[in-house]
Amino acid sequence: MDKMKIGVLLSGSGTNLQAIIDAVRSEELPVEIVHVVSSRPDAYGIQRAAEAGIQVTILNRAFYEEPKMADALIVQRLQEAGAEWVVMAGYMRKVTPVILQAFPDRVLNLHPALLPSFVGAHAIQDAFDAGVKVTGVTVHLANEDYDKGPIVAQEAVRVREGMTLEELEAEIHAVEHELYPRVLRQIAEGRMTLGDDRIVHMVS
């Protein structure tokens with residue numbers, strides 16, 4: 001089976017990139033990471049990509065002053081590398097229609113809460129402060145509405161009595177590292193469809 005080619009967008013430590021790299025290396029994931037884009041030159045994810053022999057494009061804050069131009073370069077680099085899907089892994093920039101139209105319904109995002117609850121960049125903190133007993137992780141298709149694209153998969157995380165914010169963050173990230181590669185495998189194996197109603201269906 002041909003491997004699905006993905007480009008990964010990141011802004012930080014790259015732990016989800018590493019989880020994908022590890023799943024590929026263990027031959028559990030029929031995916032090839034053909035390019036990584038970092039929105040920050042100091043992101044540790046750059047080093048993770050380099051150690052795995054993956055080509056990286058490094059951008060900075062000034063470059064994003066023209067978001068559509070920035071995204072046009074990202075599209076160019078990903079298409080030149082042969083990417084079929086765009087996988088956001090801790091990418092702290094909202095993608096513009098430039099990327100969404102170049103990869104229609106093929107831009108994935110990972111969110112550390114059970115959407116539609118707790119949208120935005122501080123979802124773990126917001127859920128913790130709200131005192132919810134259950135939060136979790138969502139994988140969804142990105143669209144022009146922030147954190148509102150069709151939901152692909154979700155997994156719950158129980159907030160235990162006395163749990164600290166740091167403990168909750170660790171459990172959320174552990175679920176991310178398992179869920180994202182699993183979803184990518186399902187997509188690579190052709191087990192995901194998007195209906196006319198914009199609802200994602202996954203075949204087990």
Do NZ/NE/NH1/NH2 and the carboxylate oxygens of Arg198 and Asp105 come within less than 4.0 Å?
yes
Same apolar cluster: Val137 and Leu17, side chain cutoff 4.5 Å: yes
Check: Is the closest side-chain donor-acceptor distance between Gln125 and His122 under 3.5 Å?
Finding: no
| said: Is a donor from one side chain sitting under 3.5 angstrom from an acceptor on the other, for His177 and Thr15? | reply: yes
| Heavy atoms, side chains only, cut-off 4.5 Å: are Val87 and Ile20 in contact? | yes
Applying side chain to side chain contact (heavy atoms under 4.5 Å, CB included) to Leu100 and Glu144, what does each step give before you reach the verdict? CA-CA 8 Å; Leu100 297 174; Glu144 294 185 43; 3.6 Å; yes
Evaluate the side-chain proximity of Trp85 to Leu184: yes if any heavy-atom separation is below 4.5 Å, no if none is. no
**Message:** Are Val98 and Leu9 linked, directly or through intermediate hydrophobic residues, by side-chain heavy-atom contacts shorter than 4.5 Å (ILVMFWY only)?
**Reply:** yes
| task | Check the pair Asp71, Ile74 against side chain to side chain contact (heavy atoms under 4.5 Å, CB included), reporting the backbone distance first and the verdict last. | result | CA-CA 5 Å; Asp71 280 1; Ile74 292 171; 3.7 Å; yes
Hydrophobic cluster identity match, Val175 and Met88, side-chain contacts under 4.5 Å: no
Taking 4.0 angstrom as the limit, do Glu28 and Arg182 come out as a salt bridge?
no
Starting from the C-alpha separation in whole Å, work towards a yes-or-no answer on side chain to side chain contact (heavy atoms under 4.5 Å, CB included) for Met163 and Glu171. CA-CA 11 Å; Met163 193 179 216; Glu171 292 205 16; 3.2 Å; yes
In short, Leu78 meets Gly7 closest at the heavy-atom pair CD2-CA, 3.9 Å
Quiz prompt | Over 12 foreign heavy atoms within 6.0 Å of CE, Met69 | solution = no
Practice prompt. State, yes or no, whether a side-chain contact exists between Thr193 and Val200 at a heavy-atom distance under 4.5 Å.
Written response: no
### Any side-chain heavy-atom pair of Val31 and Met4 under 4.5 Å
yes
Heavy-atom closest pair (Leu29 atom, Arg185 atom, distance to 0.1 Å) is CD1-N, 3.4 Å
Could you go step by step and tell me if Asn109 and Val139 meet the side chain to side chain contact (heavy atoms under 4.5 Å, CB included) rule? CA-CA 6 Å; Asn109 188 41; Val139 179; over 6 Å; no
>> Does atom CD (Glu166) have a neighbourhood of more than 12 heavy atoms from anything else shown, all under 6.0 Å?
In response: yes
What one should report as the nearest heavy-atom pair of Gly136 and Ile172 is O-CD1, 3.4 Å
- Message: Is it the case that over 12 heavy atoms from other parts of the model lie below 6.0 angstrom from the NZ atom of Lys94?
- Response: yes
- Query: Can any side-chain N or O of Glu155 pair as donor or acceptor with the backbone N or O of Leu179 at less than 3.5 Å?
  - Reply: no
Closest non-hydrogen contact found for Thr135 with Ala113 is OG1-CA, 3.8 Å
Side-chain donor/acceptor of Glu167 to backbone N/O of Thr164, under 3.5 Å: yes
Heavy-atom side-chain proximity of Tyr91 to Leu10 below 4.5 angstrom: no
Open item on the list: Is there a side-chain contact between Met202 and Arg191 in this structure, where contact means two heavy atoms from C-beta onward sitting under 4.5 Å apart?
Closed with: no
**Asked** In the single-linkage hydrophobic clustering (I, L, V, M, F, W, Y; side-chain heavy atoms under 4.5 Å), do Leu73 and Val95 co-cluster?
**Response** yes
Smallest heavy-atom separation, Leu114 atom then Thr138 atom, equals CA-OG1, 3.5 Å
So CD of Gln47 and CG of Asp42: to nearest 0.5 Å the spacing works out to 12.5 Å
Do Gln186 and Val183 come close enough that some side-chain heavy atom pair is under 4.5 Å? yes
Closest non-hydrogen contact found for Gln79 with Phe103 is CG-CZ, 3.9 Å
Is it true that a side-chain atom of Gln55 and a backbone atom of His35 form a donor plus acceptor pair closer than 3.5 Å? no
Have Ser39 and Arg93 got a donor and an acceptor in their side chains that come within less than 3.5 Å?
no
Checklist entry - In the single-linkage hydrophobic clustering (I, L, V, M, F, W, Y; side-chain heavy atoms under 4.5 Å), do Val75 and Ile33 co-cluster? => result no
Leu59 and Ser38, any side-chain heavy atoms less than 4.5 Å apart
no
- [ ] Check whether any side-chain N or O of Asp126 sits under 3.5 Å from a backbone N or O of Phe118 as a donor-acceptor pair, and report yes or no.
- [x] no
- prompt: Would Arg40 and Ser11 satisfy side chain to side chain donor-acceptor pair (under 3.5 Å), going step by step from the backbone distance to the final call?
  reply: CA-CA 6 Å; Arg40 292 173 50 185; Ser11 300; over 6 Å; no
